[in-house]
Engineer: 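Sharing a structure with you now.
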Amino acid sequence: MKVMEYIERKLQEKKMHMTLIDPAEQSPKESANIAYEAYLAGTDAIMIGGSTGLTRELVDDTILAIKNKTNLPVIIFPSSAEVISRYADAIYFMSLLNSNSVEYLVRQQVKGAPYIKMLGLEPISMGYLIVEPGMTVGRVGKAELIRRDDLKTAVAYALAAQYFGMKLVYLEAGSGAPEPVPVEMINAVKKEIDIPLIVGGGIRTAEQARSITEAGADIIVTGTIVEEVKDVKEALGKIIKAISP
Ligand code: 1GP
């Protein structure tokens, strides 16, 4: 089954959780252990990405190690065309729509497209929107950040993503953000679009996860938490239970 089909089927039944693993933060073996714990906690997919310090070799080794330990779909969440791996199941073919740099809007995608074709990777088209504070990805991606109270702009970008034919919209506060994307913004965006909404950045508690999905997020992504806690299964278990009781 294609990964997008897997996502669509799951979303008919429940809200989804995806675990973001940054291969630059630990060894491939440790990344695989995190993925396994996340699988035990009930996560639905593993996303592989990070803004800095990634090489293709490290991404390849990390995905191979993860694939040895779980059958979960592995989706590349690319920061550039350099991190495309043949071992993944799919790649978010994403445009940072509120970037001021043509590099992140389309040029990296043009670099990566022939390689994706050659590897036979499944591209999943996604509009990626960075909301304040944006953190590292906001800086690296030269984003003109969407203000936290600017619901109109968030809705307009999300609609533009849908009208471009993108399959998903991702509202990102930035990895490690002190607060996630405001629930008012999630609610406003969800009301206007017909494609699934992903929300990530700064989600640390079960309460936050619940209010974000209640506001309309279809998929939530957590990353930092799996690097910070000792018991990944327990921490993610609480979050996952809160969104799909
Ligand atoms: C980053 O949205 C993801 O792209 C995850 O953010 O690391 O804050 O969970 P956290």
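One-based numbering, in listed order, for ligands and for the atoms of each. Quick caveat, the model's predicted, so the values are computed rather than measured.
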Engineer: Report the residues that fulfil salt bridge (Lys or Arg N to Asp or Glu O under 4.0 Å) with R147, sequence neighbours left out, ordered by chain and then residue number.
Structural biologist: D149

Engineer: T222 versus ligand 1: do any nitrogen or oxygen atoms come within less than 3.5 Å of each other?
Structural biologist: no

Engineer: May I ask you to check whether G202 has an N/O atom sitting below 3.5 Å from an N/O atom of ligand 1?
Structural biologist: yes

Engineer: With heavy atoms only and a cut-off of under 4.0 Å, state how L20 meets ligand 1: side chain, backbone, both or neither.
Structural biologist: side chain

Engineer: Look only at interatomic distance and state if G201 has a nitrogen or oxygen under 3.5 Å from any nitrogen or oxygen of ligand 1.
Structural biologist: yes

Engineer: Considering only the protein, which heavy-atom contact is closest to atom 9 (O) of ligand 1, and what is its distance?
Structural biologist: G223 N, 2.7 Å

Engineer: At less than 4.0 angstrom from any non-hydrogen atom of F77, what atoms of ligand 1 do you find?
Structural biologist: 4 (O)

Engineer: What are the atoms of ligand 1, with element, lying closer than 4.0 Å to any heavy atom of G176?
Structural biologist: 7 (O), 8 (O), 10 (P)

Engineer: Which heavy atom of R204 sits nearest to which heavy atom of P178, and what is that distance?
Structural biologist: NH1-O, 3.7 Å

Engineer: Using the side-chain contact (heavy atoms from CB on, under 4.5 Å) definition, which of the options M18, K167, K2 pairs with I7?
Structural biologist: M18

Engineer: What pairs with Q26 under side-chain hydrogen bond (donor to acceptor under 3.5 Å, both in side chains), at least two apart in sequence or on another chain?
Structural biologist: S31

Engineer: Look up atom OG in S80 and atom CD in E103, then write down how far apart they are to the nearest 0.5 Å.
Structural biologist: 9.0 Å

Engineer: Among all protein heavy atoms, pick out the one at the shortest distance from atom 4 (O) of ligand 1; state its residue, atom name and that distance to 0.1 Å.
Structural biologist: E172 OE1, 2.3 Å

Engineer: With side chain to side chain donor-acceptor pair (under 3.5 Å) as the test, would you mind laying out the steps for N33 and K29 before giving the verdict?
Structural biologist: CA-CA 6 Å; N33 287 337; K29 194 169 166 224; over 6 Å; no

Engineer: Could you check L168, V169, I195 and say which one makes a side-chain contact (heavy atoms from CB on, under 4.5 Å) with Q162?
Structural biologist: I195

Engineer: I need the atoms of ligand 1 closer than 4.0 Å to a non-hydrogen atom of G200, numbered in the order shown.
Structural biologist: 2 (O)

Engineer: Look at the aromatic rings of Y128 and Y170 and report parallel, tilted or perpendicular, splitting at 30° and 60°.
Structural biologist: perpendicular

Engineer: Tell me which part of R204 gets within contact of ligand 1: side chain, backbone, both or neither, using heavy atoms under 4.0 Å.
Structural biologist: neither

Engineer: How far is atom 3 (C) of ligand 1 from its nearest protein heavy atom, and which residue and atom name does that atom have?
Structural biologist: Y170 OH, 3.4 Å

